[in-house]
Chemist: 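My questions all concern the structure below.
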Amino acid sequence: MSDFSTEKSQATQLDRDDLLSKHREQFHLPAERNGQPCIYLCGNSLGLQPKSTADYVQRELEDWARLGVEGHFEARTPWLSYHEVLAEQTARLVGAKPTEVVVMNTLTVNLHLLMVSFYRPTANRHKILVEAGAFPSDQYAVKSQLEYHGFDPQHSLVELSPKDGESSVRTEDIETVLTEQGNQIALMLLGGVNYYSGQAFELERITTAARASGCVVGFDLAHAAGNVALHLHDWQVDFAVWCSYKYLNGGPGCTAGAFVHERHARTPALPRFAGWWGHDKQTRFLMGPEFTPIPGAEGWQVSNPAILPLAALRASMAMFDEAGMPALVAKSRRLTGYLESLLQQKCFDYITILTPDVPEQRGCQLSLRVKNGKQLHGQLKQNNVICDWREPDVIRVAPAPFYNTFSDAYNFVQYLDDAHHMA
Ligand SMILES: *Cc1c(COP(=O)(O)O)cnc(C)c1O
């Protein structure tokens, strides 16, 4: 990225040229501390609050106050079908058909529900393939599913590691594992973007390889949704889950999403843990004893949804629709490329970037292995820079294209470098 300089004026110019810059104003940035404005680089952990969220939530509070139970039918957006208004926007976000997605529950819950249907081990084909060092919740979920089916994670969990001395998993190494052990692998479950390294897996290529080996393919898109371009339908992914409080700015613990490819839309033989909200809508309120699933992803719903978080999610999804993922991804690549270039030029002697340097193999996050990292992270916090610390030596920074500026990237590197020289 040699077209970037370390002059502050370039950051200012890049901000001026930024077609998405108006969106920053549409978010609440965290408060100043000691007169220092906040530099928020933690959208990979909790996205900022859109200013419009309050109106969306307030509307439902008013309708509930005004209507009580009748709000299920008479609210301005009736609660009975409230989740449906999110289907098209959600589908655009992940590259799916509206019937292939649903917003419900939380991420790990959705992961379990979909593994009930899509992890179907047999005596010969029972392994689950995951990335080594997957997000802990995914590790616990996968191991508990193996044990639930009577398999020992020691033998049935296959983990993909980077080569010695490398920090990303090579796609060809994944393909080799799939060729060599694919006939024993029932399910491949990977994070679309690894939370720790920031590596974005080549999802299309590895989906093709896994399916060629007869494996079911599921993705955890917690760090991918709203961060990288996704085409789940075309890629033929079997299922996927994601949360909406990271890049999607839905708010803490907001309702998660799930994708089920349409080839599984009407497969009565798939086992599932059913609940009344997944039941055929025409006959749901007849309250009959037999479960008839709604065709498509909605059939995996269990409970009637919490409306207030869905209202918050609508505020966010309207913004994603307005900006569009292609424009967000284009800015993200430039912004992260700029940050990378500053770090390479100014901090090369004490920082190693763990994240791939190829734009197609990452989202906005850079994971930095930092000498003396914990101390520097503390110093950054003193200057109201909010980024993330991971033991033993990694600082993760995620300039989100929706609300971060090139000046944020510039100022971050400046504070980091000042802290390094003071230490
Ligand atoms: C954030 C994250 C989760 C969180 O799961 P919840 O069920 O929402 O608490 C799970 N998996 C990954 C990969 C994550 O990044």
Side-chain angles (χ1 to χ4, degrees), residues 41-48 90 93-94 101-116 118-119 128-145 157 159-161 168-169 187-201 203 206 217-228 230 232 237 239-259 273 300-303 305-306 308-310 312-313 316 354-355 361-367 386-391 394-398 400:
L41 296 168
C42 226
N44 55 338
S45 197
L46 183 70
L48 293 180
T90 304
L93 187 81
V94 298
V101 294
V102 64
V103 286
M104 60 181 188
N105 313 313
T106 45
L107 190 161
T108 309
V109 172
N110 289 344
L111 190 54
H112 275 300
L113 290 175
L114 292 178
M115 279 199 282
V116 164
F118 292 105
Y119 174 53
I128 302 183
L129 178 66
V130 295
E131 82 246 48
F135 193 84
S137 196
D138 299 38
Q139 295 190 44
Y140 309 150
V142 163
K143 285 180 189 163
S144 63
Q145 287 275 341
L157 189 65
E159 295 186 293
L160 294 160
S161 297
S168 300
V169 184
L187 169 66
M188 176 179 78
L189 180 79
L190 298 184
V193 175
N194 180 268
Y195 83 102
Y196 189 81
S197 69
Q199 176 183 14
F201 288 102
L203 298 185
I206 55 183
V217 178
F219 290 119
D220 179 335
L221 304 174
H223 282 261
N227 183 24
V228 297
L230 297 166
L232 299 181
V237 174
F239 74 91
V241 293
W242 57 93
C243 58
S244 63
Y245 50 81
K246 293 173 178 167
Y247 294 106
L248 295 184
N249 310 318
C254 190
T255 313
F259 164 90
F273 285 173
W300 271 267
Q301 293 173 106
V302 176
S303 296
L308 300 182
L310 285 185
L313 188 53
S316 153
L354 302 180
T355 310
Q361 291 181 26
R362 67 187 183 201
C364 70
Q365 172 185 327
L366 293 181
S367 301
I386 303 184
C387 57
D388 173 276
W389 168 251
R390 290 286 129 159
E391 294 290 345
V394 170
I395 291 177
R396 299 184 305 165
V397 281

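Only a predicted model underlies this, so the values are computations on that prediction, with no experimental measurement involved. Note that ligands are numbered from 1 as they come in the structure, with each ligand's atoms numbered from 1 the same way.
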Chemist: Who's touching ligand 1 if we go heavy atoms under 4.0 Å?
Modeler: L107, T108, F135, D138, D220, A222, H223, Y245, K246
Chemist: Is the NZ or CZ atom of K143 positioned over Y119's six-membered ring, under 6.0 angstrom from the centre and within 45° of the axis?
Modeler: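 Not flagged: K143 not positioned over aromatic ring of Y119.
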Chemist: Locate the shortest heavy-atom distance separating R362 from V228; write the atom from each residue and the value.
Modeler: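 Residues R362 and V228, closest heavy atoms: O-CG1, 3.9 Å.
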Chemist: Under a 3.5 Å threshold, yes or no: a donor from one side chain and an acceptor from the other, between S197 and S168?
Modeler: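 Not at all, the side chains of S197 and S168 share no donor-acceptor pair under 3.5 Å.
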Chemist: On the 0 to 90° scale, with breaks at 30° and 60°, tag the F135-H223 ring pair as parallel, tilted or perpendicular.
Modeler: tilted
Chemist: Please determine, by modelled atom types, if Q365 and S367 share a side-chain donor-acceptor pair under 3.5 angstrom.
Modeler: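 Yes, S367 and Q365 have a side-chain donor paired with an acceptor closer than 3.5 Å.
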Chemist: With sequence neighbours left out, write down each residue that passes side-chain hydrogen bond (donor to acceptor under 3.5 Å, both in side chains) with T106, or none if nothing qualifies.
Modeler: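 Once residues adjacent in sequence are excluded, T106 has no partner under the side-chain hydrogen bond (donor to acceptor under 3.5 Å, both in side chains) criterion.
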